[in-house]
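As a basis for the values below, the full set of heavy atoms in this structure was taken, side chains included, without hydrogen atoms, waters or symmetry mates. The chains referred to below are lettered A, B, ... by the order of the sequence lines, with proteins before strands, and numbering in each begins at 1.
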Amino acid sequence: MSRVRQLTRNFDPKKYEPEILKFWDEARVYERLREARKGSKRFHFLDGPPYPSSDMPHPGTVWNKIIKDSVLRFKRGEGYDVLDKPGWDTHGLPIEVMTEKALGFTSKKDIENYGIDKFVLKCKELASKNLESMTKHFKEFAVSMDWDHPYRTFENEYIESAWWGVKKIWESGRLYEGERPVHWCPRCETVLSDYEVSESYKDLMDPSIYVKFRVRGSENEYLLIWTTTPWTLPGNVAVMVHPNEKYVKVRVGGDLLILAKARLEAVMKDAGIEEYEVVEEFEGRTLEGLKYEHPLEDLVPVQQRLKDVHRVVLSEEYVTMEEGSGCVHSAPGHGKEDFEVGMRYGLPVVSPVDERGRFTEEAGKYAGLQVREANSIIIEDLEERGALFHRGTVIHKYPVCWRCDTPLIIRTTKQWFVKLTDLREKLLEESGKAKWVPKWGGERRFRDWLLGLEDWIISRQRYWGIPLPVWRCESCGHIEVVGSAKEIEEKAGVKLEDLHRPWVDGVTWKCPKCGGEMRRIPDIMDVWYDSGVSFFASVGYPHRNREAFQEIFPVDFITEGHDQIRGWFFSLLRMGTLLFNQVPYKSVLMHGFMLDEKGREMHKRLGNYVPPPEILKNVARDTFRFFVLTKVPWQDLRFSWKGLKEMERRLSVVWNVYVFATTYLRDRELDQLPPKEELDPVNRWVLSRLHSMMKKVRESMNEYHLHVASNEVLSFLIDDLSHLYLRVARKKLRSKDRSVADQWGRVLFHVLRETLPYLSIFAPLMSEKIYLESFRGENDPESVNFLLLADPDEEMIDPELEDMMEHVRSIVSASGFARSNAGVRKRQPLREMIVVTGNDAVRKAVEVLKDVLITEANVREVRIGEAPADGKWAQADFSEGSVFLNLEMGEEEILGGLARELTRRIQLMRKELGLTIGLERIEVYIQGDEDIRRALEKYYDEIAWDSDANVIKFVSDESEVPGSSFGKEWEVDGRRVFIWVRKVE
RNA sequence: GGGCCCGUGGCUCAGACUGGUCAGAGCGCCCGGCUGAUAACCGGGAGGUCGGGGGUUCAAGUCCCCCCGGGCCCA
């Protein structure tokens with residue numbers, strides 16, 4: 001037998017939310033729920049691992065976790081055994097840099113002096129500390145994940161899975177060591193990926209110079225090049241021109257300069273030269289192969305070796321007419337485009353710069369200088385040699401290290417690559433197999449970008465990361481790639497406690513080819529590799545959980561912000577395709593960014609950042625959850641205190657719906673829903689709405705349209721229940737006819753009870769509180785989390801009836817308008833309402849739902865008819881017709897109105913005396929005129945019932961009233977009325 | 001410079017993929033009601049040429065083009 005208990009009247013989430021969280025924690029609700037769902041159909045969610053760079057998550061990250069949580073709760077409600085392991089992306093440069101700062105280090109040398117082992121342990125400590133702290137914050141928002149068993153990229157098991165992947169790539173022939181110009185941070189002394197570089201460009205002031213390269217064999221003919229990086233000139237190998245643009249030979253003083261026609265005017269203006277003369281004009285392509293002399297030949301030894309190389313080459317894609325001279329100085333060692341064109345022409349790669357950004361011996365005079373510091377010296381040298389045409393400065397966007405702000409350089413180094421360029425088509429095809437929400441996330445944003453794909457540099461010259469498991473023989477160069485700790489043990493006889501550097505660095509074994517020493521190459525791996533393998537490394541595959549993995553691959557669902565298209569979504573696709581030849585996820589929900597109240601990005605350093613604890617101080621956890629979940633997920637979300645307060649008010653209405661219902665329902669028997677055919681149309685309507693709501697929530701959650709689902713639940717509770725159904729129900733629930741009261745009680749109970757698990761997807765704390773305090777029966781599970789979502793039943797859905805109610809709503813609304821125009825209050829019962837309409841559906845609605853109209857419009861009679869020709873009427877239109885209210889007052893209306901007034905006065909006095917309805921009974925004495933007496937006589941039962949009075953006596957004199965009564969004089973519709981109320985002991 | 005997204009009443013946002021009851025909701029404001037959800041609840045009203053301009057169409061917040069403003073990604 002189900003019984004309902006009264007719900008606390010005050011909506012006080014500050015009090016109950018922490019209690020519920022504590023209850024879940026202590027009762028180990030999630031652990032037991034996981035246990036209970038074991039063996040059911042599985043839903044595999046993969047958490048995109050946040051980076052624990054701080055002890056406090058960004059509010060946007062909390063949003064991210066709440067999105068995930070709502071999907072997880074929904075799937076559990078559907079009965080799935082849900083994989084809900086949270087992840088942490090723990091390696092990489094940010095943690096290293098923070099650790100360096102804490103220790104006061106400025107270079108790799110400091111770290112090596114300190115000891116790599118101690119340094120790596122410090123990094124691990126910092127990551128661990130931060131992820132634990134962030135976990136606490138996520139838990140505060142009721143994010144239900146397996147927090148005790150996260151996957152962390154620094155764990156040995158994770159590293160082993162990652163190694164297995166590297167080995168497999170090696171075996172497939174895609175892992176290679178190559179030389180390539182890369183973005184390099186001279187402070188961190190490591191390569192940076194393109195992705196990392198794009199993080200930050202800064203405005204820097206650099207020289208802007210035009211340099212004359214003398215055409216070999218000529219007296220005074222020069223190619224005029226432009227550059228903002230003079231330090232790359234020692235690496236110059238060629239000059240690029242555009243084959244299809246016009247070039248000119250121009251006489252300036254005694255020189256003949258070659259440059260693009262389209263740039264001529266701008267260059268001369270830049271150089272402040274007014275007198276010049278075009279002597280020849282030709283296509284750029286005719287310059288191909290033209291040899292020139294390098295102006296710093298005598299100072300830079302490496303340039304002397306390039307005497308026969310220096311010449312003009314052609315490039316359509318990299319020569320622009322937007323800036324410069326149209327003759328582009330090309331240093332394949334210091335530029336990706338230069339490198340590409342250089343490869344095409346078989347040009348050598350020159351990169352006389354070391355890992356700290358200083359020139360090497362190859363650069364002769366400049367050896368030992370920081371490249372950027374060498375700029376001015378190089379310019380002076382050019383000037384001395386008469387090669388400088390013009391010097392100026394420019395402020396432009398220049399890439400800096402996203403961690404330490406040091407301006408980056410491009411230098412050519414040996415790195416390990418994974419060949420991808422031939423996989424473009426396959427990656428495109430695979431990305432199309434995933435379901436993208438919204439569609440354009442994958443179809444446009446992702447696909448466009450895949451077209452520009454290049455091979456992937458996976459090596460990094462740092463310490464805190466997954467070591468690249470590549471060993472090479474020092475004597476013969478033989479390479480072995482290791483796929484597990486066990487392999488190391490077999491090869492080297494060493495059992496490692498920790499697979500990180502430096503411990504793994506010390507492992508060596510004998511080369512099977514030549515007997516030389518096999519040593520690990522010192523690099524670690526790009527962190528995008530770490531998170532990219534999470535779809536199998538998070539479960540330890542293939543060393544562990546082999547069968548489980550087969551079952552959960554590809555994962556059902558991932559979701560992250562749109563910045564992760566180029567990030568994690570791609571890195572997963574890349575690893576899935578490389579290792580398993582398929583995209584490793586089925587559905588992707590892309591969400592937006594959290595912006596501040598003005599629509600700007602939220603940043604700690606911008607000072608517009610709202611720490612999660614501050615949110616909790618001001619609003620309920622469920623409020624924040626509902627606030628973010630009702631917004632379209634893939635759009636940026638503007639944080640708003642006002643919006644949060646507004647949502648909190650709406651949730652208090654939801655709370656009140658349950659408070660209201662429980663005050664009526666408590667202590668009734670409510671188990672069975674009466675048979676459908678016995679139900680009042682309004683009850684059939686509310687059940688139809690319930691099932692429509694459930695259906696819509698199921699469908700939209702499965703489409704990951706979380707905003708549709710969450711709004712649907714809210715609107716059902718507020719618009720349908722609070723605004724409409726409960727108003728009608730309140731009278732029926734108190735009906736003296738037991739069967740009516742019983743029917744409405746059972747329906748109301750059923751509706752609210754079935755709604756609870758749906759509500760708990762979005763507001764888990766509130767629904768748990770309501771469940772525990774009011775709805776949970778003796779044999780019910782001990783937490784709302786265990787409840788399954790009831791299946792929508794098509795049989796219960798009656799679209800026609802739902803439409804009818806919409807019509808009734810507009811009729812009620814029109815009658816309210818008519819009343820307010822006529823100045824007749826709603827309390828005043830009116831004789832008759834006529835609905836004039838040509839719409840059959842509306843006619844039917846009026847017939848079927850007449851009861852609603854009678855109570856809501858407070859009229860005695862409702863009929864369909866023609867517009868009345870005479871009499872006193874109030875009128876208003878609605879979309880399908882008009883309503884007319886008869887304003888003529890007969891005795892019935894006047895006395896009925898008075899009765900309502902009397903009831904209201906008695907209630908006010910009751911309240912004033914602090915006498916609670918239902919608990920304390922009263923006696924009432926009324927003195928008034930003849931109408932009052934007759935109203936009391938005619939409506940005695942109603943007034944007594946409504947005001948919960950034992951007896952109401954009409955008196956002609958105060959002497960008839962017991963002395964202990966509380967008396968008051970009122971004016972009712974111009975009549976003087978005395979009312980006395982007395983508590984009955 | 002390129003790609004993608006967003007720009008709807010005072011505020012915050014649905015609606016746009018599948019042109020035609022799509023001009024909506026909540027808050028705020030104004031007016032009113034209820035008084036057994038009451039430091040609650042309910043009704044009504046005012047308010048928008050859907051960023052601007054052009055185009056396609058019988059018909060356009062909804063499709064196309066250009067411009068302006070904002071965000072993200074990439075150069």
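- Taken to the nearest 0.5 Å, the NE2 atom of A:H334 stands 8.0 Å off from the CD1 atom of A:I409.
- For A:K642, the listed nucleotide lying nearest its side chain is B:G10; candidates were B:G26, B:G10, B:A37.
- Using a cutoff of 4.0 Å between basic side-chain nitrogens and carboxylate oxygens, A:K645 and A:E648 are not scored as salt-bridged.
- Between A:Y658 and B:A37 there is no side-chain N or O to OP1 or OP2 distance below 4.0 Å.
- Side chain of A:S722, nearest nucleotide from B:C72, B:G36, B:C42: B:C42.
- Counting to the nearest Å, the P atom of B:G10 and the CD atom of A:E646 are 16 Å from each other.
- Judged by closest nucleotide on RNA chain B, A:S640 is the one of A:S640 and A:V657 placed further toward the 5' end.
- When only modelled atom types and interatomic distance are considered, A:S700 and A:E712 share no side-chain donor-acceptor pair under 3.5 Å.
- Rounded to the nearest Å, the gap between the P atom of B:U35 and that of B:C27 is 22 Å.
- If you check B:G26, B:U35, B:C41 against the side chain of A:V653, the one that comes closest is B:C41.
- Rounded to whole Å, the C1' atom of B:C72 lies 28 Å from the corresponding atom of B:A25.
- With a glycosidic angle no further than 90° from 0, B:G61 counts as syn.
- Between A:L7 atom CG and B:U38 atom P there is a gap of 11 Å when expressed in whole angstrom units.
- Spacing of P atoms, B:C64 relative to B:G71, comes out at 24 Å, to the nearest Å.
- Between the P atom of B:U12 and the CE atom of A:M647 lies a distance of 15 Å, rounded to the nearest Å.
- In this structure, of B:C42, B:A40, B:C72, it is B:C72 that holds the atom nearest to the side chain of A:F593.
- Using a 30° and 60° split on the angle between ring planes, A:W63 and A:H591 fall in the tilted class, from 30° to 60°.
- We find that CG of A:N858 is positioned 18 Å from P of B:C42, with the value rounded to whole Å.
- When the C1' atom is compared between B:G28 and B:G9, the two are found 12 Å apart, to the nearest whole Å.
- When the P atom is compared between B:G45 and B:C5, the two are found 38 Å apart, to the nearest whole Å.
- Here A:F11 lies out of heavy-atom contact (under 4.0 Å) with every strand.
- B:C30 and B:C13: their C1' atoms are spaced 23 Å apart (whole Å).
- The 5' end of RNA chain B is approached more closely, in terms of each residue's nearest nucleotide, by A:H705 than by the other of A:R9 and A:H705.
- Atoms CD (A:E648) and P (B:A39) sit 17 Å apart, rounded to a whole Å.
- Partner of A:L849 under the side chain to side chain contact (heavy atoms under 4.5 Å, CB included) criterion, out of A:L853, A:V852, A:D851: A:V852 alone.
- Side-chain atoms of A:N656 lie closest to B:A40 of the nucleotides B:A40, B:U35, B:A75.
- Rounded to the nearest Å, the gap between the C1' atom of B:A23 and that of B:C68 is 24 Å.
- Judged by Watson-Crick or G-U wobble contacts below 3.5 Å, the nucleotide B:G26 has B:C11 as its partner.
- The pairing partner recorded for B:C50 is none, the criterion being a Watson-Crick or G-U wobble arrangement whose two distances lie under 3.5 angstrom.
- Nucleotide B:G1: paired with B:C74 (Watson-Crick or G-U wobble, both distances less than 3.5 Å).
- In this structure, of B:G26, B:C74, B:G71, it is B:C74 that holds the atom nearest to the side chain of A:R566.
- Following rounding to the nearest Å, A:H591 (NE2) and B:G71 (C1') show an atom-to-atom distance of 14 Å.
- Atom-to-atom, CD1 of A:I943 to C1' of B:G36 comes out at 16 Å; the value is rounded to the nearest Å.
- For B:G43, the paired base is B:C31 (Watson-Crick or G-U wobble, both distances below 3.5 Å).
- Between A:F627 and A:W641, the gap from one ring centroid to the other reaches at least 6.0 Å.
- The shortest distance between the side-chain N/O atoms of A:R727 and the OP1/OP2 oxygens of B:C41 is not below 4.0 Å.
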At a cut-off of 3.5 Å, list every protein nitrogen or oxygen paired with a nitrogen or oxygen from nucleotides 13-15 of chain B, distance to 0.1 Å.
unit_1 : atom_1 : unit_2 : atom_2 : d
B:A14  : OP1    : A:V632 : N      : 3.3

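- Pair check for B:U21 finds none; no Watson-Crick or G-U wobble contact set falls under 3.5 Å.
- Between A:W456 and A:F570, the distance separating the two ring centers is not shorter than 6.0 angstrom.
- Using a cutoff of 4.0 Å between basic side-chain nitrogens and carboxylate oxygens, A:E646 and A:R650 are not scored as salt-bridged.
- The partner of B:U62, taking Watson-Crick or G-U wobble pairs whose two distances both stay under 3.5 Å, does not exist in any strand shown.
- We find the NZ-CZ distance between A:K769 and A:F775 to be 14.0 Å, quoted to the nearest 0.5 Å.
- The separation of B:C4 from B:A46, taken at their C1' atoms, amounts to 39 Å, rounded to a whole angstrom.
- Side chain to side chain, A:Y16 and A:E773 fail the donor-acceptor criterion of an N or O pair below 3.5 Å.
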